[in-house]
Amino acid sequence: MTKRHIFDNFQKTFADEKFFLQQTRVALRNCGLIDPENIYDYLYNAQGYKALATVLETMKPQDVVEAVKKSGIRGRGGAGFPTGLKWEFTAKEKNSEKYIVCNADEGDPGAFMDRSAIEGDPHSIVEGMLIGGYAVGASKGIVYIRAEYPLAVERLEKAFVAARQEGLLGKNILGSKFSFDIEIRLGAGAFVCGEETALINSIEGKRGMPRPRPPFPAVNGVFGKPTLVNNVETWANIPAIFLEGADWFSSIGTEKSKGTKVFALAGKIKNTGLVEVPMGTTLRQIVYDIGGGIPNNKKLKSVQTGGPSGGCLTEKFLDTSIDYESLAAAGSIMGSGGMIIIDEDSCMVNLAKYFIEFTQSESCGKCVPCREGTTRMYELLTRITEGEGKDGDIERLENLGDMMKKSSLCGLGQSAPNPVLSTIKNFRQEYEEHVLLKK
Ligand code: SF4
């Protein structure tokens, strides 16, 4: 596949659709273009498994790790940790048994990037995991996916069967010494199981609760074995990196955030759906050029990025570049790719309450700062939105949020206050008006 091929296919098919033409689809390059249930469509019309064949025939495992490092790709699940480093840590572990895990436990309200990637192009995920397995010396793969995604599960299972029949999964893949197979583990829909140590606990049949780190999964993962966990979007990018080259991949994006990112665009916006853009694209381009702007001539009030763990940005951040560093500097996060557009009619305090209600109900309860902090925050926000707020409630929310960020065990509790703290910072007047209602 040449560089042009990825985009040409896409542009020919969606030539009249402005919404699609302004995107750069790498992770979603085959979605909507191939039959996801037909391996031959992937093999012959999308150069499927060519990256794997090239890797097996021409590269040593350490060269594969180096190529991923050189590409600059960072984990698309939210934290943005350099993927190549994760691969290197797992590859360095001396153990005859290692695991590759695909984290498909997508749980952000309104987000469906992973589901669509699997439903539309399951073989890219399989191929990415195979390349990862070869690079780090693993022979077992697990896709951890929530049971609420039955079509994605069905298409993955069909992909496994077809790949086995073609000698692409199982023993001595493509006649090499490399053997690898994948199985599915269904999750019951707990948001916290998106955190990789909770996910590993769940795979092991334990309650899905995060473990303290270190040890990291690269050292002590599934059943105590070295384990490489990447999310769906990260795996979907891997074959493209080897088809087009690490230099090509790192030429897309910004200095520290390479490649593209998929967002689930939702809320008060004309064009909703999945949007894949190069890192460095501005929020304004997504909202107005791709999203088509706000319906009914309403004013934009806020852009919420990062799902229930993210922050609410005001209009003045519209020219912020979408990359890990810039979003963090603006007071939000990239997260896994949720993007909710909020117009002038929405109440930001109600919105903050909605997100804290979600994280409160999804908190696993293992540590006090998160368990009690989300509960107290929800109580405070409830009384504020019901006109029962008291003097000092806004400061109480700020203190609680600060404490939770510093002392919660995992990312869920550390980031749960973000919607509250960012709305207090950017829309304090709305909180004050709610509290004043009582007087
Ligand atoms: Fe559980 Fe929340 Fe503590 Fe994470 S921060 S371990 S979700 S209680």
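Indexing begins at 1, ligand by ligand and atom by atom, following the structure's order. Position 1 is the first residue of the sequence; numbering continues from there.
A salt bridge is absent between Glu379 and Arg396: the closest approach of a Lys/Arg side-chain nitrogen to an acidic carboxylate oxygen does not fall below 4.0 angstrom. Of the charged side-chain nitrogens involved, none lies within less than 4.0 Å of a carboxylate oxygen, so that Glu344 and Lys268 do not count as a salt-bridged pair. Contact check on Glu395 versus Arg428 returns a salt bridge, with a Lys/Arg side-chain nitrogen under 4.0 Å from an Asp/Glu carboxylate oxygen. Salt bridge status for Lys366 with Glu195: absent, with no side-chain N to carboxylate O gap under 4.0 Å. Of the charged side-chain nitrogens involved, none lies within less than 4.0 Å of a carboxylate oxygen, so that Arg383 and Glu386 do not count as a salt-bridged pair.
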Pairs under 3.5 angstrom only: tabulate donor-acceptor contacts from the side chains of residues 110-117 to other protein residues two or more places apart or in another chain.
residue: Arg115; atom: NE; partner: Glu119; partner atom: OE2; Å: 3.4
residue: Ser116; atom: OG; partner: Phe112; partner atom: O; Å: 3.1

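Taking a cut-off of 2.8 Å, the protein N, O or S atoms nearer than that to atom 2 (Fe) of ligand 1 are Cys370 SG.
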